[in-house]
Engineer: 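The structure is given below, and queries will be raised subsequently.
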Amino acid sequence: MTRWARAVLSEGTVVAVTLTVVIVAVLLLATGYDPVSVYATMAAGSLTGAGLVSTLQQTVPVVGLTLALCFSFRAGVFNLGGEGQFVIGGCAGAITALTLPGPGLVVIAASLAVAALAAALWAAIPPLLQEHLDAPIFVTSLLLNYPAIAMTSYAVKAWLKDPDSSLMATRRIDGSRRIGPLAAPGSGPGRAIADLFGPDSTLTLVTSGLSWSLPVVAAILAFTIFVNTRLPIGLEAHVLGLNPRLARHTGVNVARVVRVHMLIGGAIAGVVGALVVLSSHYRFIDGGLDGTGYAVTALLVVLLGRSRPWGAVVAGFFFSALIVGGQAMEREYGLSSYLSIIIQALVIFLVTLRLTRAWRTR
Amino acid sequence: MLSEGTLASLTRALTPLLLLGLSGLLCHRVGVFNIALEGFMLAGAFAAVAGSALTGQAYLGVVAAGLSGAVIAAAFAIGVIWRRGDPMVLGIAVNLLVSGLTTYLLWAVFEVRGTFQTPQIRPLPQVAAAASELPVVGPALGTLSLLGVLALAGLPAMRVFLDRTVWGLRLRGVGLDPGAAESLGVDPRRYRFVVITFAGVLGGWAGAQLSLGSVALFTENMSAGRGWVVVLALLLTNGRVGPLVGVLAVFALADAVGIRLQTYGFPVQLSDAAPYLATLAVIVVVGIRRRGRRQLVE
Amino acid sequence: STPAKGAGGPEFVYITDAPIGVNQFLELGRTGTRDAAAALGGTSRTFESNDTDQSRRSNIEAAVAARPKAIVLITFEFDDLSVEYAEAHPDQQFVLIDSCPDGTVPANLRCGVFKEYEASYLLGVEAGLLTRSDRVGTVAAIDIPFFHRWSNSFALGARSVNPKVSDRQLFVGGDNPVGDPARAKELALTVAQAGADQVFAVTGGGNGGVFEAAKETGALAYGVDVNQCPQAPGSIVDNAIKRIDVVVKDLLTSIVQGRPGGTSTAYGLAEQGSTVTSLTEDAAGSQCAIMKHPEILARVREARDKIVSGEIVVPDPVKAG
Amino acid sequence: MVHLELRDITKSFPGVLANDGISLTVPAGEVHALIGENGAGKSTLMSILYGLVRPDSGRILLDGRERSFASSQDAIRAGLGMVFQSFKLFGEHTVVENVVFGAEPRRGWFLDRARAAREVGEISRAFGFDLPLHTRVGELPVGVLQRVEIVKALYRKAEVLILDEPTAVLTPQEAEALFAVLRSLAAAGRSVIFISHKLDEVLAVADRVTVLRDGRVVATHDVGRTSPREISAQMTGREIELGERRAAGERGPVVLDVDRLRVGARDRTLLGGVSLQVHAGEMVGVAGVAGNGQDVLAGALAGHIPVAGGTVTLLGHDVTRAANARRRAAGLAHIPEDRDRSGTAAQGDAVVNLGLGHHRAPPLLRSGILRPRAMRAHAERLIARFGVKIAAPGTRVGTLSGGNAQKLVVARELGRHTAFLLAEQPTRGVDIGSIEAIHGELDAYRRRGGAILLVSSELSEIRNLCDRVIVMFEGRVMADVAADTVSDADLGLLMAGRAADPQEAPS
Ligand SMILES: Nc1ncnc2c1ncn2[C@@H]1O[C@H](COP(=O)(O)OP(=O)(O)OP(=O)(O)O)[C@@H](O)[C@H]1O
Ligand SMILES: Nc1ncnc2c1ncn2[C@@H]1O[C@H](COP(=O)(O)OP(=O)(O)OP(=O)(O)O)[C@@H](O)[C@H]1O
Ligand SMILES: [Mg+2]
Ligand SMILES: [Mg+2]
């Protein structure tokens with residue numbers, strides 16, 4: 001097994017997940033459900049057919065946002081501002097896509113770029129406050145989420161509102177400026193895949209259900225790994241995360257590393273916001289991005305994956321599958337989908353307890 | 001805008017925050033970074049309503065709230081202390097767990113989703129109703145429940161406790177340097193466990209004040225970020241009692257004023273962001289002053 | 001919620017935008033769909049979303065995969081999704097309740113919307129006649145045009161009978177706009193302190209907080225969606241309610257009968273799709289304070305008749321922008 | 001009056017047999033020294049005695065009665081007191097609070113401050129310490145901290161006092177004062193166990209000395225009947241050249257030029273106009289009682305402490321206000337004082353720890369891109385050259401012993417081929433074998449023409465390695481003297497600020 005797989009699928013994680021499965025099974029039995037069929041429903045509902053598509057659709061932005069957080073967390077900076085940066089990016093991307101003239105692809109690229117820029121600027125505030133006013137990034141980044149959401153909300157209400165919709169949202173983005181599916185059902189590649197593998201095959205569903213956001217996030221993943229392992233600043237961030245005093249003593253420009261990593265992380269969060277807007281919502285909806293819960297899931301994933309990019313992918317998929325599987329369970333059994341939240345929380349809790357280690361190390 | 005009404009409104013917003021602040025302060029002082037406050041509070045809010053609804057007794061609701069907070073906190077403490085789990089991750093897990101569990105239990109026990117409100121839920125009596133005729137502070141005092149009184153009295157009590165008692169000395173020491181405490185036979189794990197569990201009781205009471213203090217009902221996730229507010233305030237003030245109260249008061253005042261801003265035609269978004277903007281303003285002002293002082297020294 | 005399947009009749013799936021909880025409105029959608037299905041000899045299922053775009057999507061996906069006779073969606077949260085999925089699945093029939101997307105409605109989609117503003121206007125008439133301070137107010141969840149259907153029309157109705165009336169509208173906002181009773185109460189107290197003695201509560205799960213405030217300050221409150229008067233007898237005057245059951249049954253029947261879709265139908269006082277508690281057959285046992293004021297009720301009926309006849313036209317705040 | 005006996009104590013950690021059947025007797029009134037290389041098992045043995053670590057087997061007897069300690073509380077009750085290598089003090093608390101912590105005089109739930117102060121004051125005066133009872137401990141110099149630690153143990157009525165490397169951070173004068181206290185304690189019938197790496201100290205203060213190697217007792221001597229040579233041979237299993245003076249090399253041009261360097265504000269001067277020069281091929285020592293500005297000087301030279309006035313010139317570049325990064329680019333290498341806090345990243349592997357600072361230049365970097373294979377090769381090269389004992393370059397540095405971790409820092413800094421090395425306490429807490437190796441590296445660096453400023457609290461280290469010594473007192477240069485002509489006694493006087501006739505340095 002490769003290093004990342006071992007890191008993520010360590011014994012501890014496996015034990016934690018198994019234990020969670022058992023605990024929840026007991027809970028289910030106690031309330032009169034058959035755990036085996038409930039779990040089968042969850043698995044089928046999240047890992048096959050349309051369910052798999054839903055899971056993957058969620059995984060893409062969750063992984064994207066996790067990678068964004070990876071940058072600051074690796075440098076030892078607790079950036080809790082992912083949500084605000086995500087929303088700012090989504091709003092900026094939507095405005096660009098709605099107003100910029102030009103061919104679709106160019107506008108899409110410009111939207112992503114503007115989203116990156118806007119969110120990076122927003123993410124630049126906490127390090128600035130830290131450098132000049134000693135305000136911990138942890139605090140300010142969290143605080144800034146609220147004005148970010150309020151600002152975009154007000155912008156929509158005051159200037160951008162679609163007059164024809166009862167949604168508190170901007171106008172809809174023109175079809176040519178949307179990020180489409182990898183292989184749209186009617187298109188050439190779409191038909192080719194459907195002909196080759198059958199119209200209901202998993203591959204057909206996935207390629208028609210997943211948008212070109214997927215390769216964008218894959219590129220972000222590659223970029224993250226590249227920065228971490230192949231750029232001097234990536235090594236410096238790593239050391240900064242391990243021991244800031246060592247970094248300072250070996251000539252690392254700490255302020256710069258923090259600033260750069262916050263900026264990159266912010267830019268990525270912004271891009272992900274624009275991706276969701278352009279590939280799924282097709283407009284900026286007030287409360288639409290923060291309401292997805294992606295930012296919260298990403299925070300969990302980055303903490304559990306300990307800022308490792310591949311950990312983000314695996315854990316991101318796992319949590320997305322849990323959420324989607326939880327909905328399938330609710331549809332089928334009328335069980336509260338909050339059970340899947342309980343499952344998530346238990347997994348995190350138990351993983352953190354590192355049950356495979358001895359209890360008292362003396 | 002700064003009327004008696006605002007003051008009463010401020011008091012109502014502040015009392016649960018103060019109780020939660022005391023809870024967080026204790027954890028902070030024993031050196032455990034606790035972001036599970038939101039979970040403590042939500043668990044308490046639910047247990048208070050559940051206890052009150054099932055028994056028809058408000059104070060039994062308070063007991064239930066304290067107990068539930070203690071249980072949640074003990075689980076958190078075990079993870080942090082004996083398993084040396086990352087308090088950040090555990091805290092988030094606890095918050096998530098409580099949010100899921102309260103919603104699930106609301107559905108499983110009371111067959112309700114969203115808001116739970118029945119006449120069986122007894123609110124906390126107002127213990128200082130007699131004082132409500134006083135000028136200026138009257139309306140504010142009049143709304144106080146027993147927990148509200150506790151919140152206000154808890155602050156000076158906390159200072160005395162930390163500064164003057166043997167226990168206070170020890171748990172401050174545990175927070176400053178657990179290794180040193182242990183070398184003197186003060187087991188930091190035990191002290192931390194007890195303190196965090198007690199902080200859970202306070203956090204649960206903060207939730208009870210929220211759900212039985214000014215309203216008598218439970219709504220899913222009704223803590224609505226108040227735990228984070230307290231975490232912020234603790235970080236900002238590094239756990240000093242006076243400044244902590246100050247920041248919480250600024251926050252609650254900005255919230256109360258923010259609500260009133262709407263009546264002057266300002267957008268609701270400004271009321272939403274007002275407490276956070278006010279807190280940011282505090283950070284900036286404090287930062288600039290600190291900076292100024294540093295430059296004088298250099 | 002899986003009623004016995006395989007009955008052979010038409011199957012319907014009802015998808016909410018958020019957990020039903022004590023949201024009486026969404027609950028009404030469920031019972032309405034169930035009753036309509038039964039009346040049409042079929043069955044129904046309910047998929048509850050959890051207030052995220054993703055959960056709504058995966059519920060629609062799952063529903064489409066089950067190929068029911070019709071999929072019933074509710075609230076404006078489905079404005080975009082209803083069109084997207086209706087266009088992607090032209091053979092599947094959709095119904096959207098309580099909202100309608102802008103532009104042309106696809107042929108396999110039918111909308112049923114309410115004229116809440118007509119019922120709210122009637123509540124305003126009551127408030128205008130009951131107020132002693134000549135001040136009324138509304139505490140609503142979110143500052144969007146949709147919620148102004150209640151707040152603006154309430155003020156309009158009050159002014160129609162008492163031109164001196166001034167009006168305050170506050171919004172909960174924040175992290176949990178439709179489920180924060182503490183904040184809703186705070187806002188209601190603020191309205192009351194500003195002198196309003198009639199407060200219209202449009203905050204979903206937060207309404208309980210508004211009623212508490214009404215009890216404390218002696219103000220009178222007005223509820224929405226269902227009869228909320230029993231929550232604080234004596235303090236709640238009346239409610240603006242929506243008869244979702246009527247609307248769902250109407251639209252599903254139209255599908256089963258194969259009538260053409262692509263329509264948007266508005267249900268107001270005339271259609272008895274939206275009304276106030278005091279005008280329903282349950283009025284007598286409603287515990288609503290208005291029942292003690294027959295003279296005011298007469299004025300309400302009068303206004304209702306004028307609206308139905310078109311003599312009074314209550315504007316739709318959503319259309320107004 | 002307690003007679004302490006340890007019998008056959010054995011303790012293993014995963015993969016290490018830390019204590020292997022250790023037996024030890026300490027009668028009342030004896031000062032007993034423990035000596036041994038890093039990792040020999042001294043601290044482990046004491047942790048067992050003090051109830052912090054449970055032995056796998058073996059017995060502890062006090063006055064012939066077998067005792068078993070589940071916690072330090074038990075050990076304290078039995079009359080044991082321990083002064084740890086790293087002080088266990090609460091910086092925010094006052095001296096009194098620190099001393100009574102865990103055994104407070106109380107009135108109900110409250111701390112009886114008056115009684116606490118009275119009792120602590122009595123003990124403190126009885127031993128001539130005269131501690132500032134109500135000062136926050138964080139504001140006190142290390143020598144005083146040590147006394148607070150001892151009073152802590154005495155307050156608990158310790159009959160057996162354990163001190164783990166108590167002199168590592170003390171000046172010779174402070175150490176001398178400590179020895180006097182230890183001897184008076186012994187004279188009063190208490191026993192003292194004393195751990196040190198310094199042979200001359202051991203011989204000066206102890207009655208008997210036990211030598212540990214690889215977790216076993218090699219020998220126990222009466223100090224009168226042994227020699228440094230014998231002990232060091234028993235510790236290491238080989239002969240060590242102790243205290244050999246290294247011959248001076250060729251002196252080249254000026255590399256570091258510090259001119260009237262000032263640090264601090266008007267009301268609190270940390271450095272008051274320090275001037276010094278270091279030439280190529282020269283090693284200059286900085287001596288002084290802790291708190292007299294040596295660490296401030298080092299911090300200012302490294303760029304961590306802002307400068308108020310004066311200039312620092314490195315190889316002709318003015319770096320007075322430059323950041324650490326620019327100084328390093330100009331030719332600074334720096335071995336920081338505290339390897340755990342500032343010198344290494346315990347969670348990182350040797351590749352990262354050794355690559356840092358080398359990573360912005362070839363061969364680790366090529367056209368802006370890091371080369372992982374070159375980084376690994378670089379780490380392997382340094383590990384081999386400096387003889388760091390480590391399983392693999394990918395091993396976490398936190399698992400290394402202190403000496404090896406120190407070698408890693410030395411390797412990283414000397415591996416950079418700079419013109420100037422700032423070495424702070426390069427051998428603190430390192431065993432004799434590793435000291436020898438590190439001294440060898442420093443000397444080789446100088447011979448290659450490097451300039452070294454060596455800040456050390458070990459006078460012998462300075463005298464044996466350096467060409468010149470700068471003595472600091474209250475933030476100023478007290479003297480700048482040739483290392484081979486000055487005596488320890490003279491240095492001691494200079495460090496105490498008593499300059500009979502301050503000598504001018506040859507320039
Ligand atoms: N907690 C522990 N876990 C694992 N191994 C340990 C632990 N503590 C000590 N050891 C091992 O036990 C051995 C003895 O360590 P100890 O700290 O007693 O040495 P020491 O003689 O005090 O060395 P030094 O002179 O460097 O202080 C070492 O090899 C060390 O690796
Ligand atoms: N938890 C641990 N796990 C593994 N080895 C440990 C552990 N704690 C200490 N050690 C080992 O114990 C040995 C001695 O540890 P110690 O903390 O006494 O450092 P040291 O080498 O004595 O340095 P110094 O003398 O400066 O304190 C080292 O080899 C270290 O690797
Ligand atoms: Mg040791
Ligand atoms: Mg040691």
Side-chain angles (χ1 to χ4, degrees), chain A residues 45-46 49-51 53-55 57-58 61-62 146 149-150 153-154 156-157 161-169 171-172 184-186 200 205 208-209 276 280-283 285-294 320 323-328 330-338 340-341, chain C residues 1-3 13 15 17-21 45-66 75-81 83-84 88-89 98-103 111 113 142-149 171 173-175 177 316-321:
Chain A
S46 59
V53 176
S54 288
T55 301
Q57 278 172 346
Q58 298 211 30
V62 165
Y146 298 90
I149 291 168
S153 170
Y154 186 75
V156 170
K157 179 189 146 94
K161 167 96 180 65
D162 177 358
D164 298 327
S165 170
S166 38
L167 283 175
M168 194 62 174
R171 280 179 293 114
R172 279 164 78 81
D200 291 327
L205 288 175
S208 63
V276 173
S280 166
H281 294 182
Y282 304 139
R283 54 166 80 179
I285 307 170
D286 180 21
L289 290 181
D290 37 317
T292 56
Y294 292 152
S320 302
I323 292 167
V324 174
Q327 284 158 10
E330 171 158 21
R331 283 194 296 268
E332 204 61 37
Y333 293 93
L335 270 166
S336 164
S337 67
Y338 284 93
S340 78
I341 293 189
Chain C
S1 62
T2 324
V13 175
I15 304 180
D17 64 318
I20 293 180
R45 293 210 277 166
T46 301
F47 293 174
E48 284 181 61
S49 308
N50 64 12
D51 211 7
T52 66
D53 185 63
Q54 275 304 326
S55 71
R56 289 171 205 134
R57 274 177 191 277
S58 48
N59 278 333
I60 299 180
E61 304 257 4
V64 167
T75 80
F76 62 82
E77 298 285 0
F78 286 105
D79 275 9
D80 287 355
L81 293 176
V83 176
E84 186 182 327
H89 303 277
D98 200 31
S99 186
C100 203
D102 47 291
C111 303
V113 296
I142 317 170
D143 185 9
I144 56 175
F146 187 67
F147 281 93
H148 285 275
R149 279 192 166 164
F171 298 88
D175 278 354
D316 179 356
V318 169
K319 296 283 156 49

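Here is the naming used below: chain letters follow the sequence lines, and residue numbers restart at 1 for every chain. Keep in mind that the numbers below use all heavy atoms, side chains included, and drop hydrogens, waters and symmetry copies.
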Engineer: Identify the two heavy atoms, one from C:Ser58 and one from A:Arg331, that lie closest to each other, and give their separation to 0.1 Å.
Structural biologist: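 Scanning both residues completely, I find the closest heavy atoms to be O-NH1, 3.6 Å.
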Engineer: What distance separates C:Asn59 CG from A:Glu330 CD, expressed to the nearest 0.5 Å?
Structural biologist: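 Going from the CG atom of C:Asn59 to the CD atom of A:Glu330 covers 7.5 Å.
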Engineer: Has the side chain of C:Arg57 got a donor or acceptor atom that lies under 3.5 Å from a matching backbone atom of A:Ser280?
Structural biologist: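 Indeed, once roles are kept as given, a pair shorter than 3.5 Å links the two residues.
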Engineer: Do other residues, nucleotides or ligands put more than 12 heavy atoms under 6.0 Å from A:Tyr154 OH?
Structural biologist: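 Incorrect, the count does not exceed 12.
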Engineer: Between C:Ser55, C:Ala65, C:Ser49, who has the most heavy-atom pairs with chain A when the cutoff is under 4.5 Å?
Structural biologist: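 That would be C:Ser55.
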Engineer: Can you tell me how far the CZ atom of A:Arg172 sits from the CD atom of C:Glu84, to the nearest 0.5 Å?
Structural biologist: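 Between A:Arg172 CZ and C:Glu84 CD, I get 7.0 Å after rounding to 0.5 Å.
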Engineer: A:His281 vs C:Asp80, test: side chain to side chain contact (heavy atoms under 4.5 Å, CB included). Steps then yes/no.
Structural biologist: CA-CA 8 Å; A:His281 294 182; C:Asp80 287 355; over 6 Å; no
Engineer: Is it the side chain or the backbone of A:Ser153 that comes within 4.5 Å of chain C heavy atoms, both, or neither?
Structural biologist: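 Neither part.
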Engineer: Answer with side chain, backbone, both or neither: which region of A:Asp162 has an atom nearer than 4.5 Å to a non-hydrogen atom of chain C?
Structural biologist: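 When you check distances to chain C, only side chain atoms of A:Asp162 fall under 4.5 Å.
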Engineer: What's the spacing between A:Asp286 CG and C:Ile144 CD1 if we round to 0.5 Å?
Structural biologist: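 Atom-to-atom, A:Asp286:CG and C:Ile144:CD1 are 8.0 Å apart.
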Engineer: Are A:Lys157 and C:Asp143 close enough, and set up right, to give a side chain to side chain contact (heavy atoms under 4.5 Å, CB included), and what steps lead you there?
Structural biologist: CA-CA 9 Å; A:Lys157 179 189 146 94; C:Asp143 185 9; 2.5 Å; yes
Engineer: Tell me, side chain or backbone of C:Ser99 under 4.5 Å from chain A's heavy atoms, or both, or neither?
Structural biologist: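 Just the side chain, heavy atoms under 4.5 Å.
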Engineer: Residues in ring pair (Phe, Tyr, Trp, His ring centres under 6.0 Å) with C:His148, at least two apart?
Structural biologist: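 C:His148: ring pair (Phe, Tyr, Trp, His ring centres under 6.0 Å) contacts with C:Phe171.
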